[in-house]
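Single-structure report; data block below.
Note that the structure is predicted; figures quoted are calculated from it, not measured. Basis for what follows: all heavy atoms, side chains included, without hydrogens, waters or symmetry-related copies.
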Amino acid sequence: MKKAALLVSLLVFLLTPACGLAEADIQATVTQAVGDAVNTVNAQYTQIALLTPSATNTLPPTSTPAVTSTPAVSPTAGLGAGAAAGCDVMTFVADVTVSDGEEIAASTPFTKTWQVKNDGSCTWTTTYTIIFSSGDQMGGSTSQPIAVSVAPGATAELSVSLVAPATAGSYTGWWAIASASGQAFGFMSVVIEVP
């Protein structure tokens, strides 16, 4: 663009004696040519900016408040008619492995095990699954069958295999039991610190 403005200025300068233009006319013509060149460059930059995809801002992980215990699910808190009728009800008993807030080195595999009680009226069969619900999945499977049948009133230990994230921080993942029909109930948490 500087070359174009320079060329216009040179042409105006060379043609001025031939046309008999006054100094003020020459200056106005040069100013107009420079202004047009600047406007053309600005328009081109605007077109380039509109056609160039911009980076998507990704927020870094934030601290998640520590969970002091996994909430128990009441008979009316589940999904579907089965849970409301008391069929599929789970009560959290204890963390068997990996207590809430435990430090686990980055990229280290670990197994989280919860002890839970079947407080519903239906037996949890091996068609029931442990499913990832929300939060940080930590490399865990999206869904896996429970290993044993659990009769009403009985307790069981349910486990998932996970891997600590590679980046330092606080991580919380939520898991649940899903009935044979796919209705989630009985939420359980994994809360770790990666130093």
Side-chain angles (χ1 to χ4, degrees), residues 56-195:
T56 302
N57 290 332
T58 303
L59 299 176
T62 58
S63 296
T64 304
V67 177
T68 55
S69 66
T70 303
V73 177
S74 69
T76 58
L79 302 174
C87 175
D88 292 321
V89 180
M90 184 222 56
T91 301
F92 170 80
V93 177
D95 287 315
V96 178
T97 62
V98 188
S99 299
D100 285 350
E102 188 170 319
E103 284 191 358
I104 298 179
S107 303
T108 302
F110 66 99
T111 300
K112 172 66 181 192
T113 303
W114 303 273
Q115 184 178 38
V116 296
K117 181 178 180 186
N118 181 346
D119 274 333
S121 59
C122 298
T123 299
W124 305 340
T125 66
T126 54
T127 60
Y128 281 55
T129 55
I130 300 171
I131 61 169
F132 173 71
S133 177
S134 65
D136 300 301
Q137 194 166 354
M138 296 180 243
S141 175
T142 303
S143 175
Q144 68 183 46
I146 63 172
V148 295
S149 289
V150 185
T155 59
E157 292 184 358
L158 304 178
S159 300
V160 291
S161 296
L162 305 170
V163 178
T167 306
S170 298
Y171 297 91
T172 301
W174 286 95
W175 300 81
I177 301 172
S179 67
S181 65
Q183 296 298 312
F185 68 98
F187 295 90
M188 307 164 286
S189 67
V190 179
V191 181
I192 65 166
E193 296 285 331
V194 176

May I ask you to decide if [Y]'s main-chain N or O and [X]'s side chain share a donor-acceptor pair within less than 3.5 Å?
X      : Y      : result
Ser159 : Thr111 : no
Thr113 : Val96  : no
Trp114 : Val190 : no

* To do: For Met138 and Lys112, run side-chain contact (heavy atoms from CB on, under 4.5 Å): C-alpha distance rounded to whole Å, both residues' side-chain angles, the deciding distance at 0.1 Å, then the answer.
  => CA-CA 11 Å; Met138 296 180 243; Lys112 172 66 181 192; over 6 Å; no
How long is the straight-line distance from [atom2] of [Y] back to [atom1] of [X], given to the nearest 0.5 Å?
X      : Y      : atom1 : atom2 : result
Lys117 : Thr91  : NZ    : OG1   : 7.0 Å
Tyr128 : Leu158 : OH    : CG    : 12.5 Å
Gln115 : Thr97  : CD    : OG1   : 11.5 Å

Distance-minimising heavy-atom pair for [X] and [Y]:
X      : Y      : value
Ser141 : Gln144 : CB-OE1, 4.2 Å
Ser143 : Ile131 : OG-CG2, 3.9 Å
Ile130 : Ile146 : CG1-CG2, 3.7 Å
Thr127 : Ala180 : OG1-CB, 3.4 Å
Pro109 : Ser107 : CD-O, 3.6 Å
Ala176 : Ala184 : CB-CB, 4.3 Å

Flag the pair [X] / [Y] as yes when at least one side-chain heavy-atom distance between them is below 4.5 Å, and no otherwise.
X      : Y      : result
Tyr171 : Val191 : no
Thr123 : Pro152 : yes
Ile177 : Asp88  : no

* Please assess Phe110 against Ile192 for the test side-chain contact (heavy atoms from CB on, under 4.5 Å), listing each intermediate value before the final yes or no. => CA-CA 11 Å; Phe110 66 99; Ile192 65 166; 4.2 Å; yes
* Asked: For Met188 and Asp95, what are the C-alpha separation, side-chain angles and deciding distance, and is it a side-chain contact (heavy atoms from CB on, under 4.5 Å)?
  -> CA-CA 9 Å; Met188 307 164 286; Asp95 287 315; over 6 Å; no
* Listed partners of Phe132 passing ring pair (Phe, Tyr, Trp, His ring centres under 6.0 Å), at least two apart ->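 Scan of Phe132 (ring pair (Phe, Tyr, Trp, His ring centres under 6.0 Å), adjacent residues dropped) gives Trp175.
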